[in-house]
Protein chains: 2
Amino acid sequence: MRADARSNHERILAAARALFASDGADTQVDAIARRAGVGVGTVYRHFPDKDALMGALVRERFIAFNEQLREAISKGEQQPFAALCEALRANSTALAEDAGTRFAFMRGGERVFAHAHDEVEEYLALTNVLVDRAKRAGSVRPDFDVADVPMLMCGVCATIDAGKGGAGWDWRRHLELVLAGMAAAVAEPSVTSGGTP
Amino acid sequence: MRADARSNHERILAAARALFASDGADTQVDAIARRAGVGVGTVYRHFPDKDALMGALVRERFIAFNEQLREAISKGEQQPFAALCEALRANSTALAEDAGTRFAFMRGGERVFAHAHDEVEEYLALTNVLVDRAKRAGSVRPDFDVADVPMLMCGVCATIDAGKGGAGWDWRRHLELVLAGMAAAVAEPSVTSGGTP
DNA sequence: ACCTGAACACCGTTCAAGT
DNA sequence: ACCTGAACACCGTTCAAGT
């Protein structure tokens, strides 16, 4: 790729992240092109459509998530559950600081996540290392599954977004309640008896 | 309101719910009008814009939520935590069966929820009755707050939607983990020490 | 190879004319 | 009072012309 093309590629992504963050659903491709200092056609040369732009943001985020997970894996051998919690806190904090990517997470559908397929697979594999260790140590409920992690994190992400919008919710609280639910604590009879078997 | 106008009003809402459910973000106002058997202008006569249409769906849903809460309040005097859990399960199940309203919940912003302001207030007041009873009974963590309920339910709603879209997530599982986190269980030291104070 | 931006297509919203 | 739908405005995407 030519040097100017690579520079355009990066500037378009940065512009998209900034504008999705500030304008959300009102973000226009024209505005992204203008902010990146290129013509609209150039945006479409680098990213086939708006979904691909959002997909690229999601992909970058998962690459960063995976880096944080690798760090937790290498540092947290002695306290597996604490390591898992710290990794999820680190992931959430990063997401909380990146409203543009959050927009892509929440508003992009399957088509958007498809652009990050490999990175999501790696995310699950790395998370599984942490979950598995914690389960062996007996500090996570035995019926907990790796697939529960993105499910619960999707909920935290929804709270981050809604929380900034006037509702005044605290995603850190949401995350801590979720971590408490993961822990191998003695749940009340009424909880464990009432749910899906 | 004239009888034909009231009938149109209801048919437009039903058409919107059905089309938001099947077409999501691709739902066109023209299509809603066609399905309701009216002209576009009539849609705009009843609902000033698309947000108002979504807001009406949200409003109807909260009215139904509140009915379910009142039922749980009147039936669950003896087992306050079980009553709270049952109410949240009933709310979630209703939402899981109404993809059109879910779309409005997730994609509508503050402007959409503003159309249901009073109903949301009542929802919080009714939920507080259940939470308060359970806290007095010692079965919900003492630091739990009513405002945590919509926050956590927002997460469950995100899972319902994402779960139907190929990810294969089970919102019932999400809800049960959330209920376990609400319970006054003995959390691991590593959880309680690491979060926001 | 890559870039540009005018032109096209699509859809939310309005409003003059109708009952 | 309420309804209709053609017309307008706006924005995602394309593509012929340029470097």
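By convention in this document, chain letters (A, B, ...) are assigned in the order of the sequence lines, proteins followed by strands, and residues within each chain are numbered from 1.
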Nearest-nucleotide check on DNA chain D, A:Asp49 vs B:Arg45; residue mapping nearer the 5' end is B:Arg45
CD-CG distance between A:Gln79 and A:Leu84, expressed to the nearest 0.5 angstrom:
12.5 Å
The side chain of A:Thr42 lies closest to which of these nucleotides: C:dT13, C:dC3, D:dG12?
C:dC3
Starting from B:Ile63, can I reach B:Val58 by hopping between I/L/V/M/F/W/Y residues whose side chains sit under 4.5 Å apart?
no
Before we go on, tell me: are the rings of A:Phe105 and A:Phe20 under 6.0 Å apart, centre to centre?
no
How many Å lie between OH on B:Tyr44 and P on C:dC11, as a whole number?
13 Å
Ionic contact status for B:Glu122 with B:Arg70, cut-off 4.0 Å:
yes
Any residue in residues 2-19 of chain A with a heavy atom nearer than 4.0 angstrom to DNA chain D? Just list them by number, or reply none.
none
Please tell me whether A:Arg11 and A:Ser7 have a donor and an acceptor in their side chains that are separated by less than 3.5 angstrom.
yes
Interatomic distance where NE2 belongs to A:His46 and P belongs to C:dC2 [whole Å]
7 Å
Secondary-structure string, 5' to 3', Watson-Crick or G-U under 3.5 Å, | for another-strand partners, for DNA chain D
||.|||||...|||||.||
I would like to know whether B:Leu95 and B:Val156 meet side-chain contact (heavy atoms from CB on, under 4.5 Å); could you show each step before the answer?
CA-CA 10 Å; B:Leu95 198 53; B:Val156 172; over 6 Å; no
Between C1' of D:dC3 and CD1 of B:Ile32, the distance in whole Å
18 Å
Among D:dG12, C:dT13, C:dC3, the one nearest any side-chain atom of B:Val40 is C:dT13
Spacing between A:Asp30 atom CG and C:dT4 atom C1', to the nearest angstrom:
12 Å
Which nucleotide wins on minimum distance to the side chain of B:Gln28, given the candidates C:dC3, C:dG12, C:dT13?
C:dG12
Atom-pair distance (CZ on A:Phe47; C1' on D:dG12), nearest Å
16 Å
Taking CZ from A:Arg34 and P from C:dC3, how many angstroms apart are they, rounded to a whole number?
18 Å
Working to the nearest 0.5 angstrom, can you tell me the gap between A:Leu57 CG and A:Leu13 CG?
5.5 Å
Output the rounded distance in Å from CZ (B:Arg111) to C1' (C:dG12).
13 Å
